[in-house]
Asks: 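Can you read through this structure? Questions will come right after.
All of these numbers come straight from a predicted model, not from anything done at the bench.
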Amino acid sequence: MYKVSIVVPVYNEEGNVAELHREIKEVCEKNNFVYEIIFINDGSSDKTEEICRTLRPLKYIRLRKNFGQTAAMDAGIKAAQYDYIVTMDGDRQNDPEDIPGMLNYMTENDLDVVSGWRKHRKDSFMKKFTSRGANLLRHILVHDGIHDSGCSLKVYKKECFEHINLYGEQHRFIPAILKIKGFSVGEIVVNHRPRTAGVTKYNWKRTIKGFVDMISVWFWNKYSSRPLHLLGGIGFFFTFLGGCCGIWSIALFAMGKKMSNNIFPPLLTVFFIIIGLLMFVFGLMSEILVKTYFGTGVDASYSVKEITDYGEE
């Protein structure tokens, strides 16, 4: 018997929350799950809150304002109490009927994470094009071994999140972050349904934020424990360039060239050496910050206004 916490961030989804709750409840009861449904209202301005307060059973979390999907998901994950955590979108494009198969796949293959793969997406051409470009770049930089990091339908073991805080648009890269920490990640094809109510929340701003967070995950994967290896390497490169420019300046002086007419090489020498030294200093400071990060807790990027647990009718 699976004990499942289903985490769903919602933002202006008044036309979807009731039906989605019904579908989730139906799937859980049909499969004899011990379950809780967690809806996180991420600052909705429509009737989402009013509708959520009528749903049973439901653990309802309301954020003080719109902090973004990642923050809402992090709040829901931290409130989850059961062994398995399922995350999904609130727009009903993810199908709750896929949850039992994902749980079974996780158990059969002894995985810590199972990510949904929307192999046949029901989105606009531009959204699919942008997503495929982002997935290609993610494959080059992150190497998390999955096809569709943007699919919110995922299943995790609860212990995956014992020491993880999510920021920015990092909900897309949770499998990559967990794989860095040694958790096993798998993927399974899931159903993807067209949106029937509400409007999409994706835009160019989220695309840019996702790209920046991808760079952050890449850096964390490569240099989280030793940032000096990256910054120190860059510093060494600039110092080497400064040395080459210094040799160039000495050679010009030895040939009797007037330095007043050849000021460029000495200026480059000073510039590159200073940049190199700064990179070394930044690397050392980053080492100290990383040690501090691993040694202390990290503040959350959002604020929860209330958590209300609505039991059975």
Side-chain angles (χ1 to χ4, degrees), residues 4-13 16-17 20-21 24 35-44 48-49 52 58-94 96 98-99 102 112-116 118 131 134 138 144 146 148-179 181 183 185 190 198 200-202 205-207 209-210 212-214 216-217 298-307:
V4 184
S5 297
I6 300 172
V7 175
V8 187
V10 292
Y11 174 61
N12 290 343
E13 295 289 358
N16 291 310
V17 287
L20 178 60
H21 181 274
I24 294 172
Y35 71 98
E36 63 177 353
I37 303 173
I38 304 173
F39 279 6
I40 309 94
N41 184 358
D42 185 27
S44 297
T48 296
E49 178 178 352
C52 283
L58 180 70
K59 180 179 287 187
Y60 175 67
I61 301 175
R62 181 161 69 111
L63 303 188
R64 295 185 185 278
K65 67 172 188 176
N66 178 233
F67 287 97
Q69 186 175 2
T70 299
M73 191 172 290
D74 190 65
I77 288 169
K78 284 181 168 56
Q81 62 176 319
Y82 289 133
D83 300 335
Y84 298 94
I85 297 176
V86 178
T87 62
M88 60 191 306
D89 282 331
D91 56 11
R92 293 190 60 231
Q93 289 193 265
N94 296 142
D98 287 314
I99 294 173
M102 297 176 76
D112 299 306
V113 182
V114 173
S115 179
R118 300 166 295 179
S131 179
R138 176 188 50 79
D144 56 7
I146 63 175
D148 186 9
S149 65
C151 180
S152 293
L153 182 56
K154 294 180 173 67
V155 180
Y156 307 91
K157 290 182 179 177
K158 193 175 189 300
E159 59 262 31
C160 291
F161 296 101
E162 288 179 354
H163 302 290
I164 287 182
N165 295 283
L166 304 176
Y167 302 93
E169 293 291 316
Q170 286 186 351
H171 68 277
R172 305 179 187 184
F173 309 113
I174 298 176
I177 295 169
L178 293 175
K179 193 169 184 179
K181 293 182 175 292
F183 291 96
V185 178
V190 296
T200 182
K201 311 304 186 298
Y202 289 93
K205 293 180 180 178
R206 292 191 66 176
T207 301
K209 291 177 181 177
V212 172
D213 283 329
M214 189 187 304
S216 173
V217 172
V298 182
D299 190 18
S301 62
Y302 57 88
S303 172
V304 175
K305 185 172 184 179
E306 72 172 290
I307 299 178

Asks: Apply the test side chain to side chain contact (heavy atoms under 4.5 Å, CB included) to residues Tyr35 and Ile24: give CA-CA distance (whole Å), side-chain angles for both, the deciding distance (0.1 Å), then the verdict.
Replies: CA-CA 10 Å; Tyr35 71 98; Ile24 294 172; 5.6 Å; no

Asks: Distance from Asn94 atom CG to Cys151 atom SG, nearest 0.5 Å?
Replies: 5.0 Å

Asks: Quick one: does Ile6's side chain get under 4.5 Å of Val4's, heavy atoms only?
Replies: yes

Asks: Is there a side-chain contact between Lys179 and Val185 in this structure, where contact means two heavy atoms from C-beta onward sitting under 4.5 Å apart?
Replies: yes

Asks: Is the Tyr156-Tyr84 ring centre distance short of 6.0 angstrom?
Replies: no

Asks: Please tell me if the side chains of Glu13 and Asp91 come closer than 4.5 Å, counting only heavy atoms from C-beta onward.
Replies: yes

Asks: For a 4.5 angstrom cut-off between non-hydrogen side-chain atoms, does Lys158 reach Ile77?
Replies: no

Asks: Could you please spell out the steps behind the side chain to side chain contact (heavy atoms under 4.5 Å, CB included) verdict for Leu63 and Ile40?
Replies: CA-CA 7 Å; Leu63 303 188; Ile40 309 94; 4.0 Å; yes

Asks: Nearest 0.5 angstrom please: Ile146 CD1 to Phe173 CZ, how far?
Replies: 10.0 Å

Asks: Under a 4.5 Å cut-off applied to non-hydrogen side-chain atoms, are Leu153 and Val86 in contact?
Replies: yes

Asks: Which pair of non-hydrogen atoms, one from Lys154 and one from Gly116, has the smallest distance, and what is that distance?
Replies: CG-N, 4.3 Å

Asks: Between Thr70 (side chain only) and Leu166 (backbone N and O only), is there a donor and an acceptor less than 3.5 Å apart?
Replies: no

Asks: Is the shortest side-chain heavy-atom distance between Leu20 and Val8 below 4.5 Å?
Replies: yes

Asks: Output yes when Arg118 and Asp148 qualify as a salt bridge under the 4.0 Å nitrogen-oxygen rule, no when they do not.
Replies: yes

Asks: Nearest 0.5 angstrom please: Ser152 OG to Met73 CE, how far?
Replies: 4.5 Å

Asks: Let me know which of Asp42, Ile38, Asn41 forms a side chain to side chain contact (heavy atoms under 4.5 Å, CB included) with Ile61.
Replies: Ile38

Asks: Any side-chain heavy atom of Gln69 sitting closer than 4.5 Å to one from Tyr11?
Replies: no

Asks: Of all the heavy-atom pairs spanning Cys160 and Asp112, show the shortest one and how long it is.
Replies: SG-O, 3.6 Å

Asks: Once you round to the nearest 0.5 Å, how far does CG of Asp83 lie from CD of Gln81?
Replies: 10.0 Å

Asks: How long is the straight-line distance from CD1 of Ile307 back to NZ of Lys59, given to the nearest 0.5 Å?
Replies: 7.0 Å

Asks: Looking at Ile85 and Tyr82, what are the two nearest heavy atoms and their distance?
Replies: CG1-O, 4.4 Å

Asks: Under a 4.5 Å cut-off applied to non-hydrogen side-chain atoms, are Glu49 and Ser44 in contact?
Replies: no

